[in-house]
Amino acid sequence: MHHVSLEEQTASGLFLLPRGGAVLRQVDPSLHRRKSVKLTNDANYNEFHEWNWNSIDSLPFAVFVELTMEIKFERFHLQSDLRSPLKGFEKISVPTEVRIDPLTKRRSRIITWALPPQEKFDFSKMVEQSKECIFCPENVHQKTPQFMKEISPEGRVSIGGATGFPNLFPAGTYGSIVVLCRDHLLNLNQLTPEIYEEGLSLSVEIIRRTTIFDPDARYWQVSQNFLLPGGSSILHPHLQVIGDPLPTNEMGWLLDASSSYYERNGSHYWKDLIQIEKELGKRYITSMGKVHWFVSFAPIGFNEVCGSVEGHGSILTLSQEEIASLAKGIVSTLKYYDAKNLNSFNFSIYSISAETSHQLLLRIISRTPFQPNYLNDCTSYEVLQSELTSNVFPEELCREIRPYFP
Ligand SMILES: [Zn+2]
């Protein structure tokens, strides 16, 4: 069970609102200078009562709100009471936390129990069965599709060990594959910063050539689906580089929310968030030049780590140094996942040009590992209720993953 410590509450200025909203205690008196924010319809801000902090865990329902500048970190404490067969049918209380994303207001559910870790999966049989791979070096320059001549007269593009070509099965206007390396399968701890630097550089080159051809393609994702749980049928490590003249849902939500934040506050959401996260220190991992790495307050997937590049909305304007920093952060995260016996993941870079309020964002999440009794991590919560879940507290993840970053 996760306990919110008093220090944590006091340092960040938390409100506690038990069921019904009748009692509210302000922890940090300095918050008086801040403008009041309505928590719920029945919150009464004029009524401050003493509250016994030690009893938080016995509350069936509570709301915590951290107020820092205009960015709110809202948490709902939920609790389920039952008589457990594992403890002689004694009463136990199982907490769950619902967090509201400070930008999009989307809810995430942090579940405080997790299945025990599994042993590492042996992929040798799958490697043997997938020998006829079109991404392997003997096939990649023969059997893969070629770009239209206007984008690449040579048909395919390469940088170092990375090769790019159009996706034979695209799902939009411009869909490309970037094969990351010559190796058919690499474990998460074998993927190197050099591999990702070459792959991301090649993605930028494809996007550059495409947008010269079609400037309306402003919305791009550079993503990776790794292994079957990540949605990839091909083991060979590769990226998806996908561009359209219209945004994906996620890009649209990020854009709408960040531009209305900009209008309301006259400041940049991501700049403010990074400053706050740096000050709080609970979820901020590190910075590499202008690339900031942090853990989301309200994650939309397991073990979610974010990287954001100050001063850039589009991947096209990144310097080589910034591309290298993104590559390093991806690899650091993958090393942590590997240490946790995870073997599958997704990441996406959200790249949008000509939008003042947007800042380039990379999100990486782990998927439930591929194993004999594979358990899909998209339940009715995710696919039908649009409520995304995570099985680790962001602050715990941040503490654990920091040593993996340079
Ligand atoms: Zn291969």
Side-chain angles (χ1 to χ4, degrees), residues 119-147 151-152 154-172 174-207 209 221-243 323 326-328 330-331 333-335 337-338 341-349 362 364-372 374 376:
E119 289 192 357
K120 282 202 168 26
F121 184 75
D122 178 9
F123 284 96
S124 53
K125 201 175 166 193
M126 281 174 76
V127 168
E128 188 59 29
Q129 285 168 344
S130 57
K131 263 173 145 180
E132 301 296 308
C133 167
I134 57 160
F135 293 176
C136 271
E138 61 275 19
N139 292 330
V140 73
H141 291 284
Q142 315 297 329
K143 296 184 179 174
T144 55
Q146 297 189 349
F147 284 110
I151 290 171
S152 167
E154 59 273 44
R156 302 179 190 91
V157 285
S158 295
I159 292 179
T163 306
F165 46 85
N167 192 339
L168 189 57
F169 305 106
Y174 302 103
S176 302
I177 300 287
V178 167
V179 172
L180 281 173
C181 53
R182 296 184 175 92
D183 299 278
H184 182 57
L185 179 65
L186 292 173
N187 294 326
L188 297 198
N189 64 355
Q190 293 173 313
L191 288 153
T192 64
E194 293 70 33
I195 288 174
Y196 277 103
E197 190 178 343
E198 288 177 357
L200 293 178
S201 302
L202 185 55
S203 306
V204 171
E205 179 59 15
I206 291 170
I207 296 171
R209 290 183 187 213
Q221 55 167 306
V222 177
S223 299
Q224 185 166 11
N225 307 321
F226 192 72
L227 300 190
L228 289 98
S232 175
S233 55
I234 296 179
L235 294 185
H236 203 125
H238 60 281
L239 304 179
Q240 304 270 352
V241 184
I242 302 169
I323 291 173
L326 284 177
K328 274 186 206 150
I330 293 168
V331 169
T333 307
L334 298 183
K335 289 208 184 306
Y337 289 173
D338 182 70
N341 283 352
L342 298 163
N343 57 28
S344 180
F345 68 94
N346 294 106
F347 79 71
S348 256
I349 295 173
L362 180 150
I364 179 166
I365 59 167
S366 67
R367 303 301 303 269
T368 47
F370 193 72
Q371 56 202 21
Y374 169 68
N376 192 293

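Both ligands and their constituent atoms are indexed starting at 1 by order of listing.
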## Note on the structure
Within a strict 2.8 Å cut-off of the Zn ion (ligand 1), protein N/O/S atoms tallied 4
#### Entry: Between Asn341 and Lys120: side-chain donor-acceptor atoms closer than 3.5 Å
yes
### Query
Does the ring pair (Phe, Tyr, Trp, His ring centres under 6.0 Å) test come out yes or no for Phe165 and Phe135, once each step is laid out?
CA-CA 11 Å; Phe165 46 85; Phe135 293 176; 5.7 Å; yes
### Task
Identify the residue among Val222, Leu200, Val331 that makes a side-chain contact (heavy atoms from CB on, under 4.5 Å) with Leu326.
Leu200
### Query
Are any side-chain N or O atoms of Arg156 and backbone N or O atoms of His141, one a donor and one an acceptor, separated by less than 3.5 Å?
yes
### Query
Parallel, tilted or perpendicular: which describes the rings of Phe347 and Phe345, with under 30° parallel and over 60° perpendicular?
parallel
### Message
Could you check whether any side-chain heavy atom of Gln240 comes within less than 4.5 Å of a side-chain heavy atom of Ile177, counting everything from C-beta outward?
### Response
yes
